[in-house]
Amino acid sequence: MRINQWKRWGTLGAIALGTLFTVVASPQPAMAMHISEGFLPFGWAVAWWLGFLPFLGWGLWSLRQHIKVHPESTLLLALAGAYAFVLSSLKLPSVTGSCSHPTGIALGAILFRPPITTVLATLVLLFQALLIAHGGLTTLGANGFSMAVVGPWVAWGLYQGLWRVSGKGAIAIFAAAFGANMATYALTSYQLALAFPDSVGGVSAAFAKFATIFAVTQVPLSLSEGFLTVLVWSWLTTYCRAELRVLKLLPEERYHG
């Protein structure tokens with residue numbers, strides 16, 4: 001193996017381990033992530049778990065097939081997971097029982113498509129629930145459906161569509177990160193509205209209330225994540241061209257799947 005390739009893998013591994021250590025070793029107390037543990041009524045918690053599990057099964061199968069074909073992309077997978085883990089840990093208090101934060105899932109969706117990103121985002125949610133008390137196991141189905149299913153598909157759709165239309169990678173990547181973030185919180189608002197409808201206006205009024213409050217913090221966070229993801233992508237295209245070429249993600253070899 002060439003020395004330069006070892007250097008790239010070493011850099012990717014160091015970034016993944018460093019970001020993971022930064023979050024796990026953080027002295028700040030954790031409160032919640034998305035919808036907090038035990039916040040949803042039992043019926044809604046079970047319903048979101050049932051809706052989420054088929055997508056997780058699809059993702060596990062896709063990940064297994066991908067690693068068989070592209071074992072050299074393992075560290076890039078770890079980097080995408082660590083990126084989502086760190087960004088989604090940078091939370092701000094928001095609606096009662098939840099919080100606002102970037103999601104970091106667009107990078108994984110662009111690199112590995114939504115089904116595999118479902119697995120990465122689920123691991124992020126699980127680790128945060130078990131290690132730093134963000135979210136919980138009872139609400140993992142609801143949080144997973146919003147951040148690990150809907151968010152990646154929105155990111156991938158925006159990325160593919162805008163790049164084909166505009167031919168501008170930076171615009172497509174920015175829109176993917178921004179759109180995935182906003183879609184995740186739109187669904188979170190809807191999940192909360194379904195579980196706790198307004199006594200007068202019902203689900204629609206409750207959704208308007210939750211979404212309005214989320215928007216105060218989530219719009220600037222989504223914009224920031226969009227710019228950051230463009231910068232990270234620029235770094236990848238400079239130092240990880242071999243890995244991106246294998247995944248057919250460079251402009252001259254853009255994946256059309």
Side-chain angles (χ1 to χ4, degrees), residues 23 28-60 81 84-85 87-105 114-115 117-155 179-219 221-222:
V23 173
Q28 295 181 349
M31 294 174 63
M33 175 178 176
H34 282 296
I35 303 174
S36 304
E37 171 69 10
F39 192 73
L40 286 179
F42 177 78
W44 281 113
V46 172
W48 286 113
W49 259 111
L50 293 176
F52 169 63
L53 285 176
F55 290 97
L56 180 59
W58 181 15
L60 290 171
F85 188 69
L87 289 192
S88 61
S89 299
L90 304 175
K91 62 185 183 58
L92 296 172
S94 187
V95 183
T96 300
S98 63
C99 59
S100 291
H101 54 74
T103 61
I105 55 176
T117 310
T118 296
V119 180
L120 296 178
T122 301
L123 290 174
V124 168
L125 290 168
L126 183 62
F127 284 153
Q128 289 183 336
L130 298 178
L131 298 179
I132 54 179
H134 284 197
L137 299 179
T138 63
T139 53
L140 185 60
N143 292 331
F145 201 92
S146 60
M147 178 173 151
V149 176
V150 172
W153 278 103
V154 169
N181 206 320
M182 295 305 296
T184 297
Y185 275 89
L187 181 55
T188 300
S189 298
Y190 190 63
Q191 290 170 324
L192 291 171
L194 286 173
F196 306 101
D198 186 82
S199 57
V200 178
V203 172
S204 58
F207 174 77
K209 178 183 67 176
F210 288 128
T212 300
I213 298 174
F214 269 135
V216 175
T217 52
Q218 206 58 37
V219 170
L221 287 174
S222 300

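- Taking each heavy atom of L194 and W44 in turn, the nearest pair found is O-NE1, 3.6 Å.
- A heavy-atom distance below 4.5 Å is not found between the side chains of T118 and W58.
- Nearest approach of A155 to A180, heavy atoms of both residues: CB-CB, 3.7 Å.
- Each of F52, Y190, W49, W48 was evaluated against F145; a single residue qualifies, W48, per the ring-ring contact (aromatic ring centres under 6.0 Å, His included) test.
- Nearest heavy-atom pair, V219 versus M182, reported as atom, atom and distance to 0.1 Å: CG2-CE, 3.9 Å.
- Rounding to the nearest 0.5 Å gives a distance of 9.0 Å between CG of L140 and CG of L130.
- Considering CG of N181 and CG of L221, their distance stands at 7.0 Å, rounded to 0.5 Å.
- The two atoms that bring T139 and S36 nearest to each other are CG2-O, 3.0 Å, heavy atoms only.
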**Message:** Set out, in order, the CA-CA distance, both residues' side-chain angles and the distance that settles side chain to side chain contact (heavy atoms under 4.5 Å, CB included) for L137 and L126, then state yes or no.
**Reply:** CA-CA 7 Å; L137 299 179; L126 183 62; 3.7 Å; yes
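- Of all the heavy atoms in A84 and G104, the pair that sits closest is CB-O, 3.5 Å.
- Rounded to the nearest 0.5 angstrom, W153 CH2 and T117 OG1 are separated by 9.5 Å.
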**Message:** For L40 and T138: C-alpha separation, side-chain torsions, deciding distance, then whether side chain to side chain contact (heavy atoms under 4.5 Å, CB included) applies.
**Reply:** CA-CA 8 Å; L40 286 179; T138 63; over 6 Å; no
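- Between P152 and M147 the shortest heavy-atom distance is CD-O, 3.2 Å.
- Counting only heavy atoms from C-beta outward, the side chains of V124 and I105 never approach each other to under 4.5 Å.
- L125 CG to N143 CG: the interatomic distance, rounded to the nearest 0.5 Å, is 6.0 Å.
- By the 4.5 Å heavy-atom criterion applied to side chains, F39 and F196 are counted as neighbours.
- With rounding to the nearest 0.5 Å, the separation of NZ in K209 from CG in D198 is 6.0 Å.
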